[in-house]
Amino acid sequence: MAGKPVLYYFNGRGRMEAIRWLLAVAEVEFDEVLLTTREQYDKLLSDGALMFQQVPMVEIDGMQLIQTKAILHYIAQKYNLHGKDPKERVMINMYAEGAMDVMEMIMVLPFITDVKAKLDNIQTKAKERYLPVYEKALSGHIYLVGGELSLADVQLFECTLMLEEKFTGILAEFPNVKVNVT
């Protein structure tokens, strides 16, 4: 398990995408094992690699990490993308969690029967609850917390890409957010 981190996930973006983005921002090369068969997943299970029998899983620094938030926090801390002190860290976590709220709403769309109603709900929440918070935080600032790139900025970037994918032009009313993702 030494060397480059190894990411284990299904062949898709899902919960691993935020981890990929964070490693890329930290300029860390990584390898990926895409789980395309049940046998690959069963082998991870039988090897005891999946504490809660789920992926994503990242092998890094001699550990097998699971749970997306735990992985993100470890990587952010290791590569100085998690603030200088506990106050910055909690702000970063709050902004990152807000972005994750939106992304999780989008990630469940393939499993929803009434997609139109869910899309309407996501768009409303994004425009009324989430994007205004980021717009205000980025007013006069390049980064969300502490004047430095952090996990929160990476999460917001991924979130806005997902929003634009579903709702073209949604960032038009949020110029500070838009400028940070273009």
Side-chain angles (χ1 to χ4, degrees), residues 7 9-26 52 54-56 58 66-77 79-182:
L7 286 53
Y9 199 63
F10 306 108
N11 190 11
R13 293 185 297 192
R15 294 186 172 278
M16 185 61 85
E17 193 69 0
I19 296 164
R20 292 181 188 110
W21 277 109
L22 193 60
L23 287 167
V25 165
F52 296 116
Q54 61 193 21
V55 290
V58 175
I66 54 110
Q67 295 293 9
T68 306
K69 292 174 192 171
I71 296 166
L72 288 169
H73 290 179
Y74 181 82
I75 293 167
Q77 191 72 31
Y79 296 104
N80 300 313
L81 297 165
H82 210 203
K84 295 185 283 291
D85 58 44
K87 287 183 180 181
E88 283 189 5
R89 210 162 5 266
V90 75
M91 291 303 299
I92 288 166
N93 289 343
M94 288 191 302
Y95 285 127
E97 288 300 310
M100 187 57 80
D101 287 349
V102 176
M103 291 189 287
E104 286 175 349
M105 287 188 278
I106 294 171
M107 280 190 256
V108 300
L109 285 172
F111 309 102
I112 302 290
T113 52
D114 189 358
V115 175
K116 168 91 171 82
K118 184 68 173 174
L119 281 169
D120 290 344
N121 179 266
I122 294 168
Q123 185 172 26
T124 298
K125 284 184 177 176
K127 290 174 84 170
E128 294 177 5
R129 182 183 300 179
Y130 294 95
L131 290 172
V133 171
Y134 296 110
E135 181 68 16
K136 181 178 177 185
L138 291 168
S139 179
H141 303 283
I142 296 173
Y143 303 113
L144 286 167
V145 179
E148 295 180 356
L149 184 64
S150 73
L151 168 63
D153 300 293
V154 176
Q155 292 283 92
L156 178 59
F157 179 74
E158 183 186 4
C159 177
T160 55
L161 289 177
M162 290 175 79
L163 284 169
E164 278 287 335
E165 207 172 56
K166 295 295 178 193
F167 313 105
T168 304
I170 191 169
L171 299 181
E173 299 172 40
F174 306 97
N176 294 323
V177 174
K178 186 174 182 170
V179 78
N180 279 352
V181 296
T182 55

4.5 Å side-chain heavy-atom contact, Ile66 and Phe52: yes
For Val133 against Arg129, the heavy-atom pair lying closest together: CG2-O, 3.4 Å
Inter-residue atom distance Lys69.NZ - Glu97.CD, 0.5 Å rounding: 4.0 Å
Test item: side-chain donor near acceptor, His141 and Asn176, under 3.5 Å: no
Rounded distance [0.5 Å steps], CE in Met91 versus CG in Asp85: 11.5 Å
Leu144 backbone acceptor or donor facing Asp153 side chain under 3.5 Å: yes
Heavy-atom side-chain contact between Lys127 and Ile170 under 4.5 Å: yes
Contact check, side chains of Leu161 and Trp21, non-hydrogen atoms, under 4.5 Å: yes
Reported OH-to-CD distance for the pair Tyr9 and Gln54, which is rounded to 0.5 angstrom: 10.0 Å
Side-chain heavy atoms of Thr160 within contact of Val177, under 4.5 Å: yes
From CZ (Arg13) to CE (Met107), nearest 0.5 Å: 9.5 Å
Results of side-chain contact (heavy atoms from CB on, under 4.5 Å) for Lys166 - residues two or more places apart only: Ile106, Leu109, Leu119
Cationic N near anionic O, under 4.0 Å, Arg15 to Glu104: yes
Closest heavy-atom pair and its distance - Pro56, Met16: CB-CE, 3.3 Å
Minimal non-hydrogen separation, Met105 against Tyr130, with atom names: CE-CE1, 4.1 Å
Distance-minimising heavy-atom pair for Pro132 and Ala126: CD-O, 3.7 Å
Pairwise side-chain contact, Cys159 with Met100, heavy-atom cut-off 4.5 Å (strictly under): no
Validation row: Arg89, Gln77 side chains within 4.5 angstrom (heavy atoms): yes
Pairing residues for Lys84 by the salt bridge (charged side-chain N to carboxylate O under 4.0 Å, His left out) criterion, not counting sequence neighbours: Glu88
Non-hydrogen atoms of Tyr95 and Ala137 that approach each other most closely: OH-CB, 3.3 Å
Value rounded to 0.5 Å, distance of CG in Leu22 from OH in Tyr74: 12.5 Å
Main-chain N/O of Ala99 paired with Tyr134 side-chain donor or acceptor, under 3.5 Å: yes
side-chain contact (heavy atoms from CB on, under 4.5 Å) assessment of His73 paired with Asn93: CA-CA 9 Å; His73 290 179; Asn93 289 343; 3.3 Å; yes
pair Val108-Lys118: side-chain heavy atoms closer than 4.5 Å: yes
Nearest heavy-atom neighbours spanning Leu81 and Leu149: CD2-O, 3.4 Å
Atom pair CD1/NE2 of Ile75 and His82 - distance to nearest 0.5 Å: 11.5 Å
Over 12 non-hydrogen atoms of neighbours within 6.0 angstrom of CZ in Arg20: yes
Heavy-atom side-chain proximity of Leu171 to Leu131 below 4.5 angstrom: yes
